[in-house]
Number of protein chains: 2
Amino acid sequence: MTDAKASPAPRMTKQRAAILDVLDGTDEFRSAQAWHDLLRHDGSSVGLATVYRSLQALAETGEVDAIVTSSGETLYRRCGAVNEHHHHLRCRVCGTADDIEVPEFEEWAARIASERGFARMDHTVEITGVCADCTAKGH
Amino acid sequence: MTDAKASPAPRMTKQRAAILDVLDGTDEFRSAQAWHDLLRHDGSSVGLATVYRSLQALAETGEVDAIVTSSGETLYRRCGAVNEHHHHLRCRVCGTADDIEVPEFEEWAARIASERGFARMDHTVEITGVCADCTAKGH
DNA sequence: TCACTTTTGACAATGATTATCACTGAGAAT
DNA sequence: ATTCTCAGTGATAATCATTGTCAAAAGTGA
């Protein structure tokens, strides 16, 4: 039989290289458009559509993380190297955010992973609510 | 300065009543447009913008739940009654997803909420990895 | 009923993301 | 190194959910 023909053969173009480059510059979540702006400022003239396509492709292979905000925007950030793993508790009204850590959750995630035979686990936890101040103000 | 003007005073109009009515008909998550269609089929001629505005208002007061799908669409459902809350474990390579439940996490989230004085908590948990099959295939 | 405001609805406007499509260049074959 | 090919690119049009606009219609208290 012919070969399985697994990988769609990704090519290394200068624009893809540029994208991977800026991605490595920060580990913050940013929108495709934000990354595009950043690329422009860095002198690269990558097209917006290309940024969208590349981020999507990278997200599918797991090389970048993607999350969708409550306003429907998709944010991306480079994957891995994120040892400083923590989550945020954000107030939906005033927007303040606290860092929180959940060792129990990390352990739980790891357990589920091994139970089901999953590897290279990653997770995103978004926790929102209305803080005490805003609740007091009637929100 | 002038008055504090706290509550904007919500009015009970027939369209709002119709919306609350269909909302009570199902406890599934549906998009604003889907609810609108449903209303139309029920004979009500509520405007789309009105449906959006009402659902938004209801979501703010906590009377309905709102979630954002990975494609950026916002889904709503009547609040309460339903605590069939679960998350997904998704393979980044083949895309298969399993439902998983994390009572511990729910408890933990609730605890954090009360500790910090937060109210009306909500959370999103995205767990991804590479499943056993895909790992075996070298991914 | 009357005045006063909120709510509504039709439709234009946004804004993020995707589709188009001619063109370019990466990588394989020669 | 030179061709050959098709995946990748970019400018822009198209899509689609959602929001803004504003005159007309309908609650609510007096």
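All chains are named by letter (A, B, ...) in the order of the sequence lines, taking the proteins before the strands, and each is independently numbered beginning at 1. Keep in mind that the numbers below use all heavy atoms, side chains included, and drop hydrogens, waters and symmetry copies. This is a predicted model, so every value here is computed, not measured.
In this structure, of D:dT18, C:dT17, D:dT28, it is D:dT28 that holds the atom nearest to the side chain of B:Met12. For B:Ser54, whose side chain is taken as the heavy atoms from C-beta onward, the closest listed nucleotide among D:dA26, C:dT8, C:dA26 is C:dT8. The nucleotide whose nearest atom lies closest to any side-chain atom of B:Ala49 is, among C:dT17, C:dA10, D:dT9, C:dA10.
B:Leu38 and B:Ile19 end up in the same hydrophobic cluster when Ile, Leu, Val, Met, Phe, Trp and Tyr side chains are linked at under 4.5 Å. Linking Ile, Leu, Val, Met, Phe, Trp and Tyr residues whenever their side-chain heavy atoms come within less than 4.5 Å leaves A:Val46 and A:Leu48 in two separate clusters. Cluster membership for B:Phe29 and B:Leu55, using ILVMFWY side-chain heavy atoms within less than 4.5 angstrom, is not shared.
When each of A:Lys14 and A:Gln56 is assigned the nucleotide of DNA chain C bearing its nearest heavy atom, the one mapping closer to the 5' terminus is A:Gln56.
Looking at heavy-atom distances under 4.0 Å, A:Ser45 makes contact with sugar-phosphate atoms alone, never a base. Residue contacts shown for B:Ser71 are absent, as no nucleic acid heavy atom lies under 4.0 Å away.
With rounding to whole Å, B:Arg11 atom CZ is found 5 Å from D:dG27 atom C1'. The distance from atom CG of B:Leu75 to atom P of D:dC16 is 17 Å, rounded to the nearest whole Å. Atom NE2 of B:His36 and atom C1' of C:dA10 are 11 Å apart (whole Å).
Side-chain atoms of B:Arg53 come within donor-acceptor range of the base of C:dG9, with a qualifying N/O pair under 3.5 Å.
Judged by distance alone, the side chain of A:Arg77 and the main-chain N or O of A:Asp65 form no donor-acceptor pair under 3.5 Å.
Separation of atoms CG (B:Leu58) and CZ (B:Arg16) is listed at 6.0 Å; rounding is to 0.5 Å. Atom CD of A:Glu28 sits about 12.5 Å away from atom CG of A:Leu23, to the nearest 0.5 Å.
Applying the side-chain hydrogen bond (donor to acceptor under 3.5 Å, both in side chains) test to residues at least two apart or on different chains, the pairs with a partner in residues 30-49 of chain A are A:Gln33-A:Tyr52.
For the pair A:Thr13 and D:dT9, the criterion of a side-chain N or O lying under 4.0 Å from OP1 or OP2 is met. Taking 4.0 angstrom as the limit, A:Thr50 places a side-chain polar atom (N or O) nearer than this to OP1 or OP2 of D:dG10. Listed pair B:Gln15 / C:dT7 fails the phosphate criterion, with no side-chain N or O lying under 4.0 Å from OP1 or OP2.
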Using a cutoff of under 3.5 Å, can you pull out all pairs of nitrogen or oxygen atoms linking the protein to nucleotides 14-16 of chain C, with atom names and distances?
{"unit_1": "C:dA16", "atom_1": "O5'", "unit_2": "A:Gln33", "atom_2": "NE2", "d": "3.3"}

